Amino acid sequence: MTKTIIADGVLIKRYLEGNQAAFETLLKRHKMRIFTSVLNIVNDHYLAEDIFQETFVKIIHSIRAGKYNHEDKFLPWALRIARNMAIDLLRQKKRLPTVVDSEGNDIFEHLNIFDKSQEELHIEADEISMLRSWIRRLPEEQREVLVLRNYADLSFKEIAEITNTNINTCIGRMHYAVINLRKMMEKSSVRVK
Amino acid sequence: MTRNITENDLILYFYSETTSEISSFITANLDKNPSWVVLLDSLKEVKSLEFTNSFPSATTEHIILEESNIIEKISHS
C-alpha cells in the first residue's frame with residue numbers, strides 16, 4: 001500500500017483552517033533536519049534547542065499572520081528563520097557577562113549539566129563523532145554551507161538566499177570546506193568509502 | 001564549449017546543479033582531466049561522511065505544539 005505524502009503547503013493551509021494535526025505533521029516531518037542542521041552549525045545543544053523552539057514559535061506566528069507564501073519551500077524558509085535566530089541568540093550570548101574562574105576560563109564551559117558526556121563517551125572513538133569534531137573545526141561560514149548543502153540538501157541558490165550572499169561565494173566556501181576536511185581526514189588517517 | 005571549466009563548474013556538476021551543456025562537456029572530458037577527477041573524488045568523499053541525526057527534546061516539542069494550539073484556540077474564540 002502506498003502512502004500519499006501531503007505537501008507542506010497543503011499542511012500549512014489545513015493548519016490555517018484549524019487542523020492542529022496538520023501542524024504536528026509538519027513539525028514531525030522537518031524537526032530532525034532543522035534541528036540537526038542548527039546543532040551542526042552552532043555546536044551547542046542548549047543553544048540549538050533554544051533556536052529550534054524560537055524558530056518554530058516564529059513559524060507559527062508567521063503562518064497565522066498569513067505571511068507564509070513559499071508554497072512547498074518550507075524547509076529553506078524555516079532554515080532561514082533558524083539562521084537569523086541563531087545570529088540573534090549568539091549576539092545576545094556574547095553580550096552576557098562571563099563568569100570566569102581564577103585562571104580566566106568561563107566556568108559554564110566546564111559545567112556539564114546536560115548529560116552530554118554519557119552520549120559522547122559512547123561514540124568517542126567512532127567515525128561519526130570524528131566527523132562532528134572535524135565540522136566543528138571548520139570556519140563558521142564553511143560549516144554553514146557544508147551542513148546546508150550536504151545535510152539539509154538545499155541547492156546553492158537556496159543557500160545563497162538564506163545566507164544573503166551569492167552562489168559563487170557559497171560554492172567557494174564549500175570548496176574550502178572540502179579542502180579543509182580532506183586535510184583533517186588525511187591527518188587522522190581516516191578514509192571513507 | 002568555448003570557455004574553461006572552473007572549480008565552481010565542477011562543484012555545481014557534482015551536485016547536479018549545472019547546465020546540461022556544461023554537464024555533458026565535463027562528463028565527456030573527465031578522462032583527459034585528472035585534476036577534475038581529484039576534486040570530484042574529494043567532494044564524493046566528504047559527501048559520504050554521514051551526519052548524526054539529532055532531535056529536539058520532548059519538552060521543546062511540547063512547548064511548540066502548545067504554542068500552536070494556544071494560537072488556534074485564541075483565533076477561534
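On a predicted model such as this, the values are computed, not experimentally measured, just so you know. Labels below follow one simple rule: chain letters A, B, ... track the order of the sequence lines, proteins then strands, and each chain is numbered from 1.
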Asker: Using non-hydrogen atoms and a 4.5 Å limit, figure out which bit of A/V38 sits close to chain B: side chain, backbone, both or neither.
Answerer: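 For A/V38, neither part sits under 4.5 Å from chain B.
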Asker: Under 4.5 Å, counting heavy-atom pairs only, tell me which of B/L39, B/L43, B/N53 racks up the most with chain A.
Answerer: B/N53
Asker: Check the hydrophobic clustering (I, L, V, M, F, W, Y; side-chain heavy atoms under 4.5 Å; chains of links allowed) and say if A/V10 and A/L27 are grouped together.
Answerer: yes
Asker: Distance check, rounded to the nearest 0.5 Å: A/I171 atom CD1 versus B/T6 atom OG1?
Answerer: 8.0 Å
Asker: Contact between B/I64 and A/F23 at the side-chain level, heavy atoms closer than 4.5 Å - yes or no?
Answerer: yes
Asker: Using the rule that two of Ile, Leu, Val, Met, Phe, Trp, Tyr join whenever any of their side-chain heavy atoms come within less than 4.5 Å, decide whether A/L154 and A/M32 are in one cluster.
Answerer: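 Same cluster: A/L154 reaches A/M32 through Ile, Leu, Val, Met, Phe, Trp or Tyr contacts under 4.5 Å.
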Asker: Restricting to non-hydrogen atoms, name the atom on A/T36 and the atom on B/S54 that form the minimum distance, rounded to 0.1 Å.
Answerer: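 Answer, listing the atom of A/T36 first, then B/S54: OG1-N, 2.8 Å.
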Asker: So for A/N168, is it side chain, backbone, both, or neither that comes closer than 4.5 Å to the heavy atoms of chain B?
Answerer: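 Both backbone and side chain.
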Asker: Okay, side chain of A/E49, backbone of B/S57: is any donor-acceptor separation there less than 3.5 Å?
Answerer: yes
Asker: Taking atom CD as the centre, does A/E141 end up with more than 12 heavy-atom neighbours from other residues, nucleotides or ligands that are less than 6.0 angstrom away?
Answerer: no
Asker: Find the distance between CZ (A/R64) and OG (B/S68) and round it off to the nearest 0.5 Å.
Answerer: 9.5 Å
Asker: About how many Å separate CZ of A/F156 and OG1 of B/T18, when rounded to the nearest 0.5 Å?
Answerer: 11.5 Å
Asker: Would you check if the distance from the ring center of A/Y151 to the ring center of B/F51 is below 6.0 Å?
Answerer: yes
Asker: With a 6.0 Å cut-off (strictly less than), is the heavy-atom count around CD of B/E7, excluding the residue itself, greater than 12?
Answerer: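 No.
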Asker: Relative to chain B, which of A/K31, A/K28, A/M174 shows the most heavy atom pairs under 4.5 Å?
Answerer: A/K31
Asker: Identify which part of A/I179 has an atom lying under 4.5 Å from any heavy atom of chain B, answering side chain, backbone, both or neither.
Answerer: neither
Asker: Would A/I167 and B/N8 count as a side chain to side chain contact (heavy atoms under 4.5 Å, CB included) if you check the C-alpha gap in whole Å, the side-chain angles of each, and the deciding distance to 0.1 Å?
Answerer: CA-CA 10 Å; A/I167 293 181; B/N8 283 13; over 6 Å; no
Asker: Check whether A/L16 and A/I6 end up in the same hydrophobic cluster, where Ile, Leu, Val, Met, Phe, Trp and Tyr are linked by side-chain heavy atoms less than 4.5 Å apart.
Answerer: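 Yes, same cluster.
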Asker: Specify the closest pair of heavy atoms between B/S42 and A/V178, including all atoms of both residues, with the distance to one decimal.
Answerer: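 Where B/S42 meets A/V178 most closely, the heavy atoms are CB-CG1, 3.7 Å.
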Asker: Between B/Y15 and A/N150 (side chain of the first, backbone of the second, donor and acceptor by atom type, cut-off under 3.5 Å), is there such a pair?
Answerer: no
Asker: Tell me whether A/I41 shares a hydrophobic cluster with B/F55, the cluster being built from Ile, Leu, Val, Met, Phe, Trp, Tyr side chains joined at under 4.5 Å.
Answerer: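 Hydrophobic grouping puts A/I41 with B/F55.
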Asker: Under 4.0 Å between a side-chain nitrogen and a carboxylate oxygen: does that hold for B/E17 and A/R149?
Answerer: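 Here B/E17 pairs with A/R149 in a salt bridge, since their nearest N and O are under 4.0 Å apart.
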Asker: Quick check on B/L10 against chain A: is it the side chain, the backbone, both or neither that has a heavy atom closer than 4.5 Å?
Answerer: neither
Asker: Counting only non-hydrogen atoms closer than 4.5 Å, does B/I63 touch chain A with its backbone (N, CA, C, O), its side chain (CB onward), both, or neither?
Answerer: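 Contact with chain A: side chain only.
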Asker: Within this structure, what is the CG-NZ distance for the pair B/L12 and A/K157, rounded to the nearest 0.5 Å?
Answerer: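 Here the interatomic distance stands at 13.0 Å.
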Asker: Find out whether A/H61 and B/E67 are in side-chain contact, i.e. whether some heavy atom of one side chain is under 4.5 Å from a heavy atom of the other.
Answerer: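 Contact flag for A/H61/B/E67 side chains = yes.
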Asker: How far apart are the closest heavy atoms of A/F52 and B/P56, and which atoms are they?
Answerer: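 Taking A/F52 first and B/P56 second, the nearest heavy atoms are CE2-CG, 3.5 Å.
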Asker: Tell me whether B/L49 shares a hydrophobic cluster with B/V38, the cluster being built from Ile, Leu, Val, Met, Phe, Trp, Tyr side chains joined at under 4.5 Å.
Answerer: no
